[in-house]
There are 2 protein chains.
Amino acid sequence: MADRGKRTYSRRSLHGKVAHTLGTRIMSGEYAPGALLPNEDTLSGELGVSRTALREAIKVLTSKGLIESRPKIGTRVRPQRVWNLLDPDILAWSLATRPVLEFIDKLLELREMVEPGAAALAARNHTPAQAEALRLAFAGMVAAPDLDAWNAADVRFHQALMAATGNELIASLGALIDLALSTSFDFTAKHIPAPRQGLPLHKILLERVLARDVDGAQEAAHALLKDAKATVAEIKI
Amino acid sequence: MADRGKRTYSRRSLHGKVAHTLGTRIMSGEYAPGALLPNEDTLSGELGVSRTALREAIKVLTSKGLIESRPKIGTRVRPQRVWNLLDPDILAWSLATRPVLEFIDKLLELREMVEPGAAALAARNHTPAQAEALRLAFAGMVAAPDLDAWNAADVRFHQALMAATGNELIASLGALIDLALSTSFDFTAKHIPAPRQGLPLHKILLERVLARDVDGAQEAAHALLKDAKATVAEIKI
DNA sequence: ATTTTGCTATTCATCATACAATAATCTGTT
DNA sequence: AACAGATTATTGTATGATGAATAGCAAAAT
């Protein structure tokens with residue numbers, strides 16, 4: 001269910017599965033930073049795959065900054081500091097093995113830094129097509145029959161908003177936030193019935209963006225985040 | 001010169017070189033989104049490497065969302081929308097083939113969204129060790145004998161600031177910004193003599209963060225960005 | 001005693017080749 | 001025209017052989 005976004009690495013290919021396995025092991029601390037992974041033959045034996053598949057997985061993890069291989073040394077887990085936490089796979093692996101609530105706070109901090117500014121940019125820069133996408137996503141939220149549909153539309157709305165900034169970097173960041181959001185939605189859905197009060201707030205945000213009300217859009221985004229924070233606080237109790 | 005951060009993918013290994021080659025070709029549009037790459041045998045022949053090495057590079061690019069391979073179909077470049085622009089390698093490849101100035105504007109937009117908030121967080125959350133790192137980086141800027149040293153210390157200062165937020169996500173984002181910054185420094189250095197006026201502004205930011213002056217730190221970060229924007233504007237003339 | 005040098009074993013790096021899996025395309029039949 | 005099956009092009013996986021790098025040790029030189 002959490003694979004809405006197609007940005008996480010495929011688990012269909014063998015090496016993809018292996019990368020997933022090793023990635024989660026690293027995230028969970030089973031292979032801690034500084035530690036050596038078992039050597040190629042041992043690992044490929046343990047996982048029941050060929051050296052080829054293992055090797056390709058290793059290269060993927062290396063390219064994400066997680067590990068580092070050298071002849072005669074082996075393959076070592078690099079310090080967390082150099083992990084690229086903004087990588088969708090790393091994020092997903094990390095979410096799969098860590099306390100979600102703690103992460104949600106960090107995510108909220110990031111959103112608070114990014115989203116009001118993004119809303120302001122979107123208000124200033126959006127094209128007609130992007131405005132239409134926003135309207136459509138909002139309509140999806142209005143018409144949502146259940147919580148799942150509502151969350152999906154919510155994610156689409158955010159995506160459209162980030163795209164409307166006209167800044168690809170910010171759009172990428174938005175996609176990452178959405179990935180994290182959909183995961184935490186899956187989590188909160190288990191803990192709270194139906195937090196759908198967000199609708200009027202989204203409506204205000206939409207209207208102000210479309211009206212190119214830069215400051216107003218920023219404020220509206222801020223209000224939305226405040227609401228999200230309140231929801232999280234409720235769960236914690 | 002631009003490899004200060006060790007977060008970009010190694011070019012020492014063969015498959016790393018191949019990934020770099022293909023990555024830049026994709027960024028430059030030589031392989032446009034939707035297009036098929038030459039098949040494995042052709043490509044490995046053209047590049048003069050074995051299928052294994054090519055394959056490992058392909059897997060790396062796949063994991064970054066750039067391409068997608070399927071049997072009997074081939075390997076296709078995915079739409080830009082799903083590229084992970086927050087990946088250090090993609091960023092570097094993109095910077096190598098695109099007009100830098102245009103990118104600097106986008107980067108400034110992102111920084112404007114992120115850095116004031118980060119400064120505020122750092123003011124609130126920094127630990128003694130992180131405070132020391134900030135002081136050290138600032139001292140490096142003061143003592144810098146030339147522009148290169150100054151820029152290096154500047155990057156360290158930003159890194160320390162982002163780390164001091166206590167939010168790993170933000171720290172990762174900071175690392176990315178720093179990578180982009182050091183590249184654009186290399187660029188601006190060719191166009192403008194010595195923009196070292198930033199020192200007093202950095203000093204104010206440092207003092208306010210250390211004094212846990214949340215609002216003041218935010219303001220100071222904002223002032224710094226305003227200065228950076230002025231510098232960019234000067235180059236454009 | 002300390003430093004230097006050279007050897008060796010271990011591990012990853014690369015290559016070449018074979019075969020399997022997949023799916024688009026063609027081909028013949030109904 | 002529609003369907004079923006064979007063909008074929010392409011990536012996916014596996015394996016064995018050889019190469020290159022280097023940590024750790026031992027021997028030699030200082």
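A, B, ... follow the sequence lines: proteins, then strands. Residue 1 opens every chain. Since we're looking at a predicted model, the values are computed, not measured.
Between A:L14 atom CG and D:dT11 atom P the separation is 18 Å, expressed in whole Å. The separation between B:R51 atom CZ and D:dT10 atom P is 12 Å, rounded to whole Å. Following rounding to the nearest Å, B:L54 (CG) and C:dA13 (P) show an atom-to-atom distance of 17 Å. Atom CD in B:E56 sits about 14 Å away from atom C1' in D:dG12, given to the nearest Å. Separating the CG atom of A:L47 from the C1' atom of D:dA14 is a distance of 15 Å, rounded to the nearest angstrom. Here D:dT11 presents its P atom at 14 Å from CG of B:L61, a figure rounded to the nearest Å. In this structure, A:L37 places its CG atom 9 Å from P of C:dC12, rounding to the nearest Å. As a whole-Å value, the separation of B:I73 CD1 from D:dA9 C1' is 10 Å.
On a pure distance criterion of 3.5 Å, no polar donor-acceptor pair joins the side chain of B:R70 and the base of D:dG12. A donor and an acceptor atom sit less than 3.5 Å apart, one in the side chain of A:T52 and one in the base of D:dA14.
Side-chain N/O atoms of A:S50 include one lying less than 4.0 angstrom from OP1 or OP2 on D:dA14. Close to C:dA13, at under 4.0 Å from its OP1 or OP2, lies a side-chain N or O of A:K59.
The side-chain heavy atoms of A:V18 and A:L43, taken from C-beta on, include no pair separated by under 4.5 Å. Side-chain contact between A:L91 and A:D87: absent, with no pair of heavy atoms (C-beta onward) separated by less than 4.5 Å. In this structure, the side chains of A:H202 and A:D154 come closer than 4.5 Å at one or more pairs of heavy atoms.
If you check C:dA23, C:dT10, C:dC12 against the side chain of B:K72, the one that comes closest is C:dA23. Side-chain proximity of B:P71 to C:dC12, D:dA17, C:dT22: nearest is C:dT22.
Not one N or O on the side chain of B:E56 forms a donor-acceptor pair closer than 3.5 Å with the backbone of B:A53. Under the 3.5 Å distance criterion, the side-chain polar atoms of A:H126 are matched with a main-chain donor or acceptor of A:V209.
Atom CZ of A:R81 has 12 or fewer neighbouring heavy atoms from other residues, nucleotides or ligands inside a 6.0 Å radius.
Comparing the local axis fitted to the first five base pairs of the helix from C:dA1-D:dT30 to C:dT30-D:dA1 with the one fitted to its last five gives a bend of 10°, rounded to 10°.
By the 4.0 Å N-to-carboxylate-O rule, A:E68 lies too far from A:R76 to be salt-bridged with it.
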